[in-house]
Amino acid sequence: MGALFVLPMLMIAILSFLKRGTYGQVVYEFTLNNYIRIFDPLYGQIFGDTLVVAVLTTVFSILCGYPLAYYISRLEKSTQQIWLLLVMIPFWINFLVRSYAWVIILRSQGVINTFLQSLGIISEPLPLLYNSGSVLLGMVYTLLPFMVLPIYVSLEQMDRRKLEAAYDLGATPWKAFWHVTLPMTKTGVVTGSILVFVSSIGMFVVPDVMGGAKSALIGNVIQNQFLSARDWPFGSALSIVLMLLSMLLILLYFRATKASETKEGSA
Amino acid sequence: MKTLRRNALSGYSWLMLVFLYLPILILVLYSFNDSRINATWTGFTWKWYVSLFENRQVMQALMNSLTIGVISSVIATVLGTAAALAVKHYSIRWSNIFNGLMYLPIVIPEIMMGLALLVLFSQVQMELGKVTLILAHVTFSMPYVMVIISGRLADMGKELEEASQDLGATPWETLRYVTLPLIMPGIIAGFLMAFTLSLDDFIISFFVAGPNSTTLPLYIYGLVKRGVSPEVNALSTLLIVSTVLLVVVAEIFRRKDSKNNQSIL
């Protein structure tokens, strides 16, 4: 199983240094051209957009997911199980179908526009779909369960006596949350962020279905290089850079949260 | 003040639940809408479902999905069970390496796994089709099976197996009459999970499918690219309903007299 995954990753790494033949075949000659091509401003722009969308998706998922996870963790055990199952079910329904559901709602003859037009509020349909806003919405929508579950787990495992201690010492609920609950559930937030970030950085389904031609992200370009343009070496180089970038950012995120943790500890 | 805060939190959480479910409910609702062109509700109809069952391409895609789903989940369940048993019985170092490999797909975007498998299959000159799809589905569903069964094994403890051996059972008899019956709910849950993942997968299948091995999600993608239509709504609804049913049944099996009631993920 592991071999089935590690081996091909090495092949992609090797492929990224090879040349593409005239008919889309791979020519076994060493070159750095694929990597040099990535520095084309066109791709720089797409990489930038991808990172911005991924970071925003992560931030919005925390904002949407943390309160929900907090609420669930404060419910009674039996109710908790039901809520958890309700959060989990959409996670199993595939990305494609879930982003398509938004197309029905947002498109120009969609649910919202039809409704507003029938009320006479607008005369022309609003451009709700095929822009970066709709891509972001789709991303947060499809990835939210990834954030809720890890945060819930860390809230569940938290030692609540510390919270009581904070209250006994006169902390306001807000202060207690900010100085006790939040730092103690950092692991959950970090895990959730990594899951959301990694999934959104390579996502091509949501931008493909909900984004227009202008909102292509790096996942779409890679998919294109492999399946339509048939430039496997360049596609490989892009995916290697994507992978290194995502690992680097995860590492930095880990460092940053670790650092603030030790600071909390010594204070 | 306290109740106000609690109400705000509860309201927000319900809002999030609505956010998660409303689009899905609207999709399902509009699969019964009589109108083809826009979102105006013109009456209830089954006709889009009827036209699906008369569509040969849809039926072919359904058959492909079911065949690939059953074969890949049987293989994934056998391998996943064996792996879980092996990890339990061998040294800690091995299980750490194993666990590391299991988490690898999580820190790497899913698209990479599709690409990696595509490159692998083309390097060994395998023609893309049902066989490559089955291999790919086994690869990504096996870790889930293993996680579920490992959980079950950890719950079980060592006592019963030790007792069986003390009473003179051979290792094979212990496995056959003690371990396997005890972890059976886990095995069934793992199988259902693997089947759901296979039935539902789009991203990885997208890279490793051939022209004659279109599965349901791939067929839906083709339709979605052409635009919104009631047939897509109906087909998506069928996929949603079967996924949800499978997941719920799997959860019931997994929790069946198990001490560990933590949700999976």
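Below, chain A is the first sequence line, B the second, and so on; all start at residue 1.
Neither the backbone nor the side chain of B:Leu246 comes within contact range of chain A; no heavy atoms are under 4.5 Å apart. Proximity to chain B (any heavy atom under 4.5 Å) is shown, for A:Leu75, by neither the backbone nor the side chain. Heavy atoms closer than 4.5 Å to chain A are found in the side chain of B:Val247, but not in its backbone. For B:Leu20, the parts lying near chain A are the backbone and the side chain together; criterion is any non-hydrogen pair under 4.5 Å. Proximity to chain A is limited to the side chain of B:Ile26, based on heavy atoms less than 4.5 angstrom apart. For B:Val28, no part sits under 4.5 Å from any heavy atom of chain A, backbone or side chain. With a threshold of 4.5 angstrom between heavy atoms, B:Ser229 approaches chain A through N, CA, C or O but not through any side-chain atom. For B:Ser122, the part sitting under 4.5 Å from any heavy atom of chain A is the side chain, from C-beta outward, and nothing else. Interface residue B:Ile24: backbone and side-chain heavy atoms are both found under 4.5 Å from chain A. Looking at A:Val111, both its backbone and its side chain come within 4.5 Å of chain B, counting heavy atoms on both sides.
Atom CD1 in B:Ile203 sits 5.5 Å away from atom CZ in A:Phe204 (nearest 0.5 Å). Considering CD of B:Gln123 and CE of A:Met11, their distance stands at 5.5 Å, rounded to 0.5 Å. The line from CD1 of A:Ile93 to CG of B:Leu239 is 8.5 Å long, rounded to the nearest 0.5 Å. Remark: B:Phe207 CZ to A:Gln223 CD distance equals 5.5 Å, nearest 0.5 Å. Separating the NZ atom in B:Lys225 from the CG atom in A:Asp208 is a distance of 3.5 Å, to the nearest 0.5 Å.
What you find for A:Ile222 and B:Leu115 is that their closest heavy atoms are CG2-CD1, 3.4 Å. Across A:Val97 and B:Ser236, no two heavy atoms sit closer than the pair CG1-CB, 3.8 Å. Across every non-hydrogen atom of A:Trp92 and B:Leu197, the tightest pair is CZ3-CD2, 3.5 Å. Heavy-atom minimum distance, B:Pro23 versus A:Ile105: CA-CD1, 3.7 Å. The two atoms that bring B:Pro217 and A:Leu96 nearest to each other are O-CD2, 3.4 Å, heavy atoms only.
With hydrogens and angles ignored, the 3.5 Å screen pairs a side-chain donor or acceptor of B:Tyr21 with a backbone N or O of A:Leu86. Under a 3.5 Å cut-off, the side chain of B:Asp200 and the backbone N or O of A:Asn94 do form a donor-acceptor pair.
Side chains of B:Ile111 and A:Ser239 form no contact here, defined as non-hydrogen atoms less than 4.5 Å apart. Side chains of B:Met16 and A:Val148 form no contact here, defined as non-hydrogen atoms less than 4.5 Å apart. Residues A:Val205 and B:Tyr221 form no side-chain contact, since every pair of their non-hydrogen atoms from C-beta on lies 4.5 Å or further apart.
Each of A:Val87, A:Ile12, A:Val103, A:Ile112 has some count of heavy-atom pairs under 4.5 Å with chain B, and the biggest count is that of A:Ile12. Ranked by non-hydrogen atom pairs under 4.5 Å with chain B, the options A:Tyr141, A:Tyr70, A:Trp102 are led by A:Tyr141. Highest contact tally toward chain A, considering only B:Leu22, B:Thr243, B:Val248, B:Leu9, is held by B:Leu9 [criterion: heavy-atom pairs under 4.5 Å]. In terms of non-hydrogen atom pairs under 4.5 Å with chain B, the most contact-rich of A:Ser108, A:Pro173, A:Ala69, A:Ser236 is A:Pro173.
The ring of B:Phe202 has its center no closer than 6.0 angstrom to the ring center of A:Phe95.
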Side chain to side chain contact (heavy atoms under 4.5 Å, CB included) assessment of B:Arg6 paired with A:Arg74: CA-CA 10 Å; B:Arg6 191 163 294 164; A:Arg74 292 295 179 272; over 6 Å; no

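Counting heavy-atom neighbours within 6.0 Å of A:Phe115 CZ, excluding the residue itself, gives a total of 12 or less. Residue A:Tyr71 qualifies as enclosed at atom OH: its count of foreign heavy atoms under 6.0 Å is above 12.
Note on residues 8-17 of chain B: no pairs pass side-chain hydrogen bond (donor to acceptor under 3.5 Å, both in side chains), not counting sequence neighbours.
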